[in-house]
S.K.: 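The structure is given below, and queries will be raised subsequently.
Heavy-atom basis, side chains included; hydrogens, waters and symmetry copies ignored. Counting starts at 1 for both ligands and their atoms, in listed order.
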Amino acid sequence: MRAVYPGSFDPVTFGHLDIIRRSSALADELIVGVLINRAKTPLFSSEERVKMLVDATKEFSNVKIEVFSGLLVDFARQCGADVIVRGLRAITDFEYELQMAQTNRIMEPSIDTMFLTTSLQYAYLSSTTVKEVAAYEGDISHFVPEKVAEAIHRRIAERKTGRGVQ
Ligand code: ADP
């Protein structure tokens, strides 16, 4: 089974890594798809997000990191994927995820969406809250790998002085 796990990963958190660990144990091959979304202004460029993911997933031999833009089903088709993996945290994730899974299933009936429910210790965790805590110089070591935490603090400091990616 070849699975695709898409997301923004801006940046990768322990919640994402938990889904990657669990789904890579179920699939023969897992492709993590980093979305280039021009509608959002990310904290990190897609190249930076890929680098952080490559580093954080190097212990998993069947995990590959790729970037994509456009429709998820097109990317999943290109990858030859059987399954799309998504993580579910609270009920707030559910409505959007259900709608997306059903839409994708109409567009590509041969690719199913597989949901993994969050591990309880990461139920609250999102890239957005990590960035908010970091913006107030809070401790984010419980949420992201050390190198990612350093990169976030560095980028926020650059932003405050008017440097860094836009
Ligand atoms: P998106 O911008 O598509 O929401 P994210 O990078 O925020 O992308 O998340 C990608 C996927 O990982 C989504 O399916 C999301 O529900 C899941 N996810 C994010 N954080 C967690 C977490 N703490 N526990 C479980 N799943 C998570």
S.K.: If every non-hydrogen atom of Leu43 is compared with every non-hydrogen atom of Arg155, which pair is closest and at what distance?
M.R.: O-NH1, 3.0 Å

S.K.: Under a heavy-atom criterion of less than 4.0 Å, does Asp93 contact ligand 1?
M.R.: yes

S.K.: For atom 7 (O) of ligand 1, what is the nearest protein heavy atom, given as residue, atom name and distance?
M.R.: His16 NE2, 3.9 Å

S.K.: Strictly by ring pair (Phe, Tyr, Trp, His ring centres under 6.0 Å), give each pair with a member in residues 46-93 just once, sequence neighbours left out.
M.R.: Phe68-Phe75

S.K.: Examine Ala123 against ligand 1 and note whether any of their N/O atoms are separated by less than 3.5 Å.
M.R.: no

S.K.: Which residue and non-hydrogen atom of the protein lie closest to atom 2 (O) of ligand 1, and at what distance in Å?
M.R.: Ser8 OG, 2.6 Å

S.K.: Taking heavy atoms and a distance under 4.0 Å, where does Tyr5 meet ligand 1: side chain, backbone, both or neither?
M.R.: side chain

S.K.: Just jot down the ligand 1 atoms closer than 4.0 angstrom to any heavy atom of Ile19, in number order.
M.R.: 25 (C), 26 (N)

S.K.: Considering distance alone, does some N or O of Tyr122 sit under 3.5 Å from an N or O of ligand 1?
M.R.: yes

S.K.: Tell me whether Arg89 has any N or O atom under 3.5 angstrom from an N or O of ligand 1.
M.R.: yes

S.K.: Out of curiosity, does Leu30 fall in the hydrophobic cluster containing Leu72 (side-chain heavy atoms, cut-off under 4.5 Å, transitive links)?
M.R.: no

S.K.: Would a 4.5 Å heavy-atom cut-off, applied to side chains only, mark Thr113 and Val83 as touching?
M.R.: no

S.K.: Out of Val130, Thr13, Thr129, Val148, which one pairs with Ile140 under the side-chain contact (heavy atoms from CB on, under 4.5 Å) rule?
M.R.: Val130

S.K.: For atom 25 (C) of ligand 1, which candidate among Thr129, Thr128, Thr118, Val130 provides the closest heavy atom?
M.R.: Thr118

S.K.: Which of the numbered atoms in ligand 1 are under 4.0 angstrom from any heavy atom belonging to Arg86?
M.R.: 3 (O), 4 (O), 10 (C), 11 (C), 13 (C), 14 (O)

S.K.: With a 4.0 Å cut-off on heavy atoms, does Phe14 reach ligand 1?
M.R.: no

S.K.: In Å, rounded to the nearest 0.5 Å, how long is the span from NZ of Lys147 to CE of Met52?
M.R.: 11.5 Å

S.K.: Can you find an N or O of Phe9 that's nearer than 3.5 Å to an N or O of ligand 1?
M.R.: yes

S.K.: What atoms in ligand 1 come closer than 4.0 Å to a heavy atom of Gly15?
M.R.: 22 (C), 23 (N)

S.K.: Using only atom types and a distance under 3.5 Å, with no angle test, would you say the side chain of Arg89 pairs donor to acceptor with the backbone of Thr118?
M.R.: no

S.K.: At their closest point, which heavy atom of Tyr5 faces which heavy atom of Val85, and how far apart are they?
M.R.: CD1-O, 3.2 Å

S.K.: So which heavy atom on Val12 is nearest to which on His16, and how close?
M.R.: CA-ND1, 3.5 Å

S.K.: How close do Asn62 and Ser24 get, heavy atom to heavy atom, and via which atoms?
M.R.: ND2-O, 2.9 Å

S.K.: Mind checking whether Leu125 contacts ligand 1 via backbone (N, CA, C, O), side chain (CB onward), both or neither, at a 4.0 Å heavy-atom cut-off?
M.R.: both

S.K.: With only distance considered, is Leu88 within less than 3.5 Å of ligand 1 through an N or O on each side?
M.R.: no

S.K.: Short list, please: which atoms of ligand 1 are under 4.0 Å from a heavy atom of Glu97?
M.R.: 14 (O)

S.K.: So, for Asp139 and Val133, which heavy atoms are closest and what is the spacing to 0.1 Å?
M.R.: O-CG1, 4.1 Å

S.K.: Counting from 1, what ligand 1 atoms have a heavy atom of Pro6 closer than 4.0 Å?
M.R.: 10 (C)

S.K.: Which is closest to atom 26 (N) of ligand 1 in terms of heavy atoms, Gly87, Ser127, Gly7?
M.R.: Gly87

